Amino acid sequence: MKKISKNVYVESILSRCNTSVVVTKEGVVVIDTPMIPANAKKVVGEIAKLGPVKYVINTEPHGDHTSGDCYLGGTLVTHEGTREAILASKVKDFEGMLKMMSPESLPVPDDFHYRAPDITLSERLTIYLGGHTFKLINLPGHSPYQVAVYCPEERIVFTSDNVVVEDMPYFHQALPDRWLESLKEYEKMDVDTVVPGHGGVTDKSAFKRMAKTIKDCLDEVQGAIDKGMSLKEAQEKVVFKSIFAHLPDNDRKTMVIRMNVTRLYEYLKK
Ligand SMILES: [Zn+2]
């Protein structure tokens with residue numbers, strides 16, 4: 001885990017998302033958990049050195065942020081929509097996700113299970129622990145259930161996948177207009193440090209970059225609709241070439257772009 005401020009550590013490599021730990025006088029708060037069971041166990045070992053786990057927070061409903069929950073103690077806190085997504089998940093789904101994203105991690109170990117969250121929020125929830133405040137705020141975007149974790153004492157916000165660095169945004173469950181509004185809400189927070197859902201720790205400049213990326217994607221798909229393209233034509237012709245030119249071309253990139261074009265086309269057609 002990398003120490004990024006006096007009381008905050010982030011694990012980016014083993015986790016497949018950013019798993020963060022805030023150390024307080026009364027124990028630690030973990031934000032998002034590693035996807036791969038063997039890595040989750042390693043990270044849990046590192047976390048144990050920092051203090052007892054009091055709370056675990058999932059910032060969103062997707063398996064790359066929630067699958068390691070079962071390896072941690074403490075009270076699990078999520079958006080109510082994330083709780084529903086977790087309760088609806090089957091071990092078979094997890095097996096499918098590993099097959100796609102990390103086949104070398106199969107088979108799924110016997111001790112893996114989807115853990116039901118203990119406490120949920122719909123709009124806001126504040127946790128006070130050991131001299132730290134954790135303001136959990138539902139800021140829809142990447143999904144309707146995204147939760148920002150704002151920790152004023154550390155001047156830090158954990159954004160979920162509403163901000164990603166060195167990666168593409170995933171639109172499959174996105175509300176693009178709400179996403180742009182949410183990015184304005186993050187701007188209002190008095191922070192120096194921004195921990196994105198994936199990628200390197202950054203600062204407030206990330207919000208404007210993220211908004212530009214979303215707007216550029218929307219514009220490109222709207223352009224295809226204006227030209228009268230069908231969904232199938234848009235899926236073939238819209239490739240966000242200039243927007244993601246800095247990212248390496250590979251099968252995953254092609255797959256995500258196609259998924260994103262599909263979602264944005266259907267969203268804009270409504
Ligand atoms: Zn996600």
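The chain is numbered in sequence order, starting from 1. Remember, it's a predicted structure, so these values are computed and weren't measured experimentally. All ligand and atom numbering here is 1-based and tracks the order in the structure.
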Pair Gln146, Ser160: side-chain N/O donor-acceptor within cut-off below 3.5 Å: yes
salt_bridge(Lys90, Glu95) N-O dist < 4.0 Å: no
Residue Cys17, metal the Zn ion (ligand 1), N/O/S under 2.8 Å: no
OE2 (Glu60) - the Zn ion (ligand 1) - ND1 (His62) angle, nearest 10°: 80°
Within 6.0 angstrom of Glu123 CD, more than 12 heavy atoms from elsewhere: no
Atom of His142 closest to the Zn ion (ligand 1), considering N, O or S atoms: NE2
Over 12 non-hydrogen atoms of neighbours within 6.0 angstrom of CD1 in Ile13: no
